Protein chains: 2
Amino acid sequence: MPSSSGPVAAADVVLPPSDAAALGPASSPDTPVRRRTRRAIVDAAVHMWARDFAAPLSAIAEQAAVSRSTLHRYFPDRPALLDACLRTALEVFGGVNPCDDVPRAAPEPPALDQLLSQLESVVRLGDWVLFLWTDPSRFSGHPLADDLVGGEDDTTLALIRRGQAEGSLDPEAPADWLLAVYYSVLYCAAEQAVRGAMPAHEAGRLAVRALRGGITPS
Amino acid sequence: MPSSSGPVAAADVVLPPSDAAALGPASSPDTPVRRRTRRAIVDAAVHMWARDFAAPLSAIAEQAAVSRSTLHRYFPDRPALLDACLRTALEVFGGVNPCDDVPRAAPEPPALDQLLSQLESVVRLGDWVLFLWTDPSRFSGHPLADDLVGGEDDTTLALIRRGQAEGSLDPEAPADWLLAVYYSVLYCAAEQAVRGAMPAHEAGRLAVRALRGGITPS
DNA sequence: CCATGATGCGACACTACTGTCCCATTATCG
DNA sequence: CGATAATGGGACAGTAGTGTCGCATCATGG
């Protein structure tokens with residue numbers, strides 16, 4: 001998952017105009033109307049695909065309150081819409097290129113604390129978490145998703161390795177195992193929140209508690 | 001997940017003959033040949049659907065080394081094959097009707113120990129675990145799956161509640177939250193084993209460790 | 001060895017979905 | 001208000017997958 005000072009408000013995210021394939025009609029620069037329509041389609045896709053990755057484009061169009069023709073004006077095909085969702089996910093999760101990170105002057109807090117703090121933020125992104133992690137293997141190997149879901153570029157993996165080195169995370173377990181556990185607990189928390197079983201902050205708290213101490217009493 | 005003294009060897013499981021829709025040609029009682037063919041198809045379905053739930057029947061037939069015609073002789077349609085897989089899963093996971101459980105004379109071990117011991121057994125069932133839990137919501141509400149994947153009939157949920165009552169499990173978290181965490185860690189372990197990252201027993205050990213103490217050092 | 005059981009092949013009809021296209025209509029902007 | 005942008009509707013062709021069917025072939029069991 002990309003590192004950040006915190007997730008960007010979902011409504012503020014704008015797809016880079018360089019992605020010509022995802023542009024709407026006439027491939028000219030976006031107008032506000034077009035930007036809103038495109039974002040409505042992406043949000044609808046994430047909403048539907050979080051729940052059923054086989055959901056057809058017609059259902060997504062309906063969820064977005066547009067016609068299938070309109071959907072196809074913005075996204076020529078299903079893979080293009082999926083790419084747009086993944087690119088938007090990078091923004092939503094505060095995506096920055098890890099190589100751009102500038103080392104901080106002050107020592108960072110323990111990696112465990114940072115990791116859990118990140119989880120508490122991310123769990124509020126409900127549908128986006130379900131979209132990415134309902135089936136953890138869904139986007140394995142997808143070039144746009146490597147930075148999000150546990151590929152070698154995933155900054156969360158780097159954070160886990162730092163935590164193991166500094167002693168705040170279990171040094172006896174493989175890093176990618178800890179990452180898998182982290183994402184799966186994050187998914188559980190987001191799923192609880194999305195289906196209304198509890199508020200997102202409570203789900204985050206329970207997830208943090210589970211990752212700190214397991215399912216035993218504290 | 002149904003309680004048992006241990007999972008039944010997969011090869012020994014036989015689909016109840018009462019399931020007429022799933023019987024092979026002529027709906028007469030099974031011959032050994034037919035029983036083996038049916039089981040090969042079910043195993044192939046679980047293998048393919050563990051990895052991709054959209055896998056077509058033609059791919060399942062190929063995996064089972066039968067023709068699509070033959071697959072259709074045994075299972076009239078995709079839902080029938082899915083039902084057969086879920087019924088077989090009940091057998092594989094040692095399914096018994098929870099109401100049939102007779103209270104033991106001697107006190108049972110702590111629920112946490114029982115839970116984790118069960119996990120170490122179940123993780124060896126690789127494909128079956130992935131089939132059921134790759135997408136935790138896949139079979140939600142499916143009548144055949146309630147006893148397996150966290151429905152109210154799930155004996156694991158009862159075990160968790162007993163553990164919370166006796167103090168070996170976190171009493172401050174909702175029982176269905178602990179169940180969701182348990183299944184998600186089980187899935188992670190099975191996935192590591194199935195993709196060859198580590199042996200199943202090592203994955204089980206790591207999962208137990210994570211559920212006992214979280215991702216912090218022990 | 002032969003009758004019967006079991007299976008494979010492939011054609012066919014059908015379904016659901018997708019991608020393209022065009023024209024009429026509605027919304028937006030200056 | 002009018003020109004332009006944006007959209008909806010629906011037809012159409014195509015794809016992938018499914019379910020059915022009949023016949024030839026192979027496997028099995030007595």
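Since we're looking at a predicted model, the values are computed, not measured. Throughout, a chain's letter reflects where its sequence line sits, starting with A, and its residues are numbered from 1.
B:R38 places its CZ atom 10 Å from the P atom of C:dT7, with the value rounded to the nearest Å. Rounded to whole Å, atom C1' of D:dG19 lies 15 Å from atom CD1 of B:I60. With rounding to whole Å, A:L71 atom CG is found 13 Å from D:dT7 atom C1'. Remark: P of D:dG17 and CD of B:E62 are 12 Å apart, rounded to the nearest angstrom. With rounding to whole Å, A:F75 atom CZ is found 15 Å from C:dT18 atom P. Rounded to an integer number of Å, the gap from CZ of B:R35 to P of C:dG5 is 17 Å.
Between B:T156 and B:F93 the shortest side-chain heavy-atom distance does not fall below 4.5 Å.
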Just the table, please: protein N/O against nucleotides 19-25 of chain C N/O, every pair under 3.5 Å.
| unit_1 | atom_1 | unit_2 | atom_2 | d |
| --- | --- | --- | --- | --- |
| C:dG19 | OP2 | A:R78 | N | 3.4 |
| C:dG19 | N7 | A:R68 | NH1 | 2.9 |
| C:dG19 | O6 | A:R68 | NH2 | 3.0 |

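Between C:dA6 and B:T31, a contact under 4.0 Å exists linking OP1 or OP2 to a side-chain N or O. Not one side-chain nitrogen or oxygen of B:Y74 sits closer than 4.0 Å to the OP1 or OP2 atom of C:dA6.
Residue-to-nucleotide proximity on DNA chain D shows that, of B:A55 and A:S67, the 5′-proximal contact is made by A:S67. DNA chain D is contacted by both B:V33 and B:S58; B:S58 maps to the nucleotide lying nearer its 5′ end (nearest heavy atom per residue).
Sorted by first then second residue, the side-chain hydrogen bond (donor to acceptor under 3.5 Å, both in side chains) pairs that include residues 57-66 of chain A, not counting sequence neighbours, number zero.
Across all strands, A:A65 comes closer than 4.0 Å only to sugar-phosphate atoms, never to a base (heavy-atom distances). Residue A:A59 is out of contact with every strand shown, counting any heavy-atom pair closer than 4.0 Å.
Evaluation of the salt bridge (Lys or Arg N to Asp or Glu O under 4.0 Å) rule for B:R162 yields B:E108, B:E166 as partners, not counting sequence neighbours. The side-chain contact (heavy atoms from CB on, under 4.5 Å) search around B:A45 returns B:W49, B:I60, B:L81, B:C85, not counting sequence neighbours. In this structure A:E120 satisfies the salt bridge (Lys or Arg N to Asp or Glu O under 4.0 Å) test with no other residue, sequence neighbours excluded.
Here the closest heavy-atom approach between residue A:V123 and residue A:A190 is recorded as CG2-N, 3.6 Å.
In this structure, A:F131 and A:F53 have tilted ring planes: the angle between them lies in the 30° to 60° band.
Note on the helix from C:dC1-D:dG30 to C:dG30-D:dC1: angle between the axes of the first and last five pairs equals 40°, rounded to 10 degrees.
A donor-acceptor pair shorter than 3.5 Å can be found between the side chains of B:S67 and B:T70.
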